[in-house]
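Since we're looking at a predicted model, the values are computed, not measured. Position 1 is the first residue of the sequence; numbering continues from there.
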Amino acid sequence: MRLSRRRPTQPDEPAQVIRVAPAVAYDGDLYHLPDWTTRRDAERELGRRHAADGQIDTLTLQTGSVPRFHELEDERLGELARIEDLTERELRQARAALEGQKIRLAESQRAFAAARAALDDTRPRVAELEQPSRRPGDGRPSSIAISGSRWPVVRRWLPAALLLLLLVIVEVPILYQVILDWGDSVAMTALLAAGAALIMLVAPHMYGRAFRSWQEHGGSAKGRWLLIGVALVWLGFIVAVAVLRRDALVRPLVVDGEEIGPTAEGAGTLPTMVLLLALLIATALIAADLGRRMHNPNDRTLRELRAKLDAESRAFATAQGVYQQDAGYAESIAQYVESVDRRLAGRTRQLDRGFDSLATAYLGGVVEGLRDPEAASWAERIVARRRAAPGR
């Protein structure tokens, strides 16, 4: 089984998957070969002991019959049967593990495909929005939002903010004079004047923001009539404030209980009213236009989509990594299943060589124990005959 995956042609293409090796390859070995080094030392010691006890001598070596060899052969055959049994169990377990890994791989592949689809859906939307607006209602954000720099924001909107602040500062003393008789104290009158000035500017500013949102997103006829209705209501408030200001200007001033004449003495009522309406309407229009220019709802949409793109990119990278690891691990299990015959043959060869080394080590111990040059000669012949035997 081979799980092939295409290599990416471009680094920014999320549809490509690079093959990665699993962090830990599948290891289902149930059988482990004996520790041949320890066993050889033990066999050599056993050969010395048998020679010292007289269980084997030079005459026995001459006949070529070594009783210990039969014991080692029985052990080898038993170990070989154990190898075959455990190898079969390893194969069954590996196949079961492969089926389970295929299920996990399918799940991670679905998660990877979903993350890729979400990323592919968001990327063109962000790319489409990353074009500066040329006119209200074109559905594009401002260049400031695209660049993400703060200094252009300050440089562009600081004059507008200072103009609004200046208008508030100018409105406060004017309204203070208008509502002079409404406050119980100077502080109360000043607070009322400041609150009224803020309302006179903030309300048109917020209206401009709502109007820009309507320009960008459109709306029903009901929404359009609502904007018109709000503008007419605000015009009515402007007229009321203009009337109050006119009265404050044309009515006589009372100082220490004595009337000293109106502030705008000599000015007609109608010209004063027209002037006040013009000033108030101009102030409201300036505040509304600033709100319309400063508030582009597409800026927020761009920020949200960029945040969404970042989150989806991280989710995609995570899902891709999991999918790659699962694919690599499934391939390592498949390779383990495919190599069962080679693994059995390799274990058999290692087992045969290992028991040959045990027999040789035993003979070496016998020769060391007998201390007979003739015994060494016969032992060499036995070793050479065993190595030349078929199947060795």
Side-chain angles (χ1 to χ4, degrees), residues 1-26 97-154 156-157 209-210 212-220 293-335:
M1 174 183 173
R2 294 285 178 182
L3 301 174
S4 60
R5 291 172 290 282
R6 297 175 295 173
R7 295 187 177 273
T9 57
Q10 296 181 0
D12 59 344
E13 289 184 359
Q16 310 297 329
V17 178
I18 302 173
R19 174 186 297 181
V20 295
V24 179
Y26 179 78
L98 181 60
E99 294 303 317
Q101 185 63 21
K102 285 181 179 179
I103 297 174
R104 286 190 290 273
L105 179 59
E107 293 174 352
S108 60
Q109 187 174 16
R110 281 194 297 269
F112 168 68
R116 182 176 59 188
L119 188 61
D120 291 343
D121 178 65
T122 304
R123 267 188 173 169
R125 295 169 60 191
V126 173
E128 182 180 358
L129 273 181
E130 287 182 337
Q131 302 293 331
S133 177
R134 299 185 180 274
R135 59 177 177 79
D138 61 3
R140 300 189 183 280
S142 64
S143 58
I144 295 176
I146 293 175
S147 66
S149 176
R150 294 187 177 184
W151 170 240
V153 177
V154 175
R156 181 172 180 179
W157 301 128
R209 293 167 62 95
R212 181 60 182 270
S213 295
W214 178 80
Q215 281 184 307
E216 295 295 335
H217 302 311
S220 61
R293 291 177 181 273
M294 293 174 67
H295 176 71
N296 187 345
N298 297 311
D299 293 355
R300 180 179 179 182
T301 303
L302 178 61
R303 288 194 299 271
E304 292 175 349
L305 279 178
R306 280 177 170 174
K308 184 172 181 288
L309 180 63
D310 292 340
E312 288 175 349
S313 298
R314 291 191 295 270
F316 171 79
T318 301
Q320 185 182 36
V322 172
Y323 173 57
Q324 291 171 337
Q325 290 293 335
D326 286 346
Y329 194 62
E331 186 168 347
S332 72
I333 300 177
Q335 292 173 352

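The pair Lys102-Glu99 meets the salt-bridge criterion, since a charged nitrogen lies less than 4.0 angstrom from a carboxylate oxygen.
To the nearest 0.5 Å, the span separating OG on Ser313 from CZ on Arg123 amounts to 6.0 Å. Interatomic distance, Arg314 CZ to Leu309 CG, rounded to the nearest 0.5 Å: 10.0 Å. Summarising the geometry, atom CG belonging to Leu105 is positioned 11.5 Å from atom CD belonging to Gln324; distances are rounded to the nearest 0.5 Å.
Phe112 and Tyr323 have parallel rings, their planes meeting at less than 30° on a 0 to 90° scale where 60° marks the start of perpendicular.
Heavy atoms only, all atoms of each residue included: Val322 and Ser108 are closest at CG1-CB, 3.9 Å. Across Ala115 and Ala319, no two heavy atoms sit closer than the pair CB-CB, 4.2 Å. Taking every heavy atom of both residues into account, Asp326 and Gln101 meet most closely at O-NE2, 3.1 Å.
Thr122 pairs with exactly one of Leu119, Val126, Asp120 by the side-chain contact (heavy atoms from CB on, under 4.5 Å) rule, that one being Val126.
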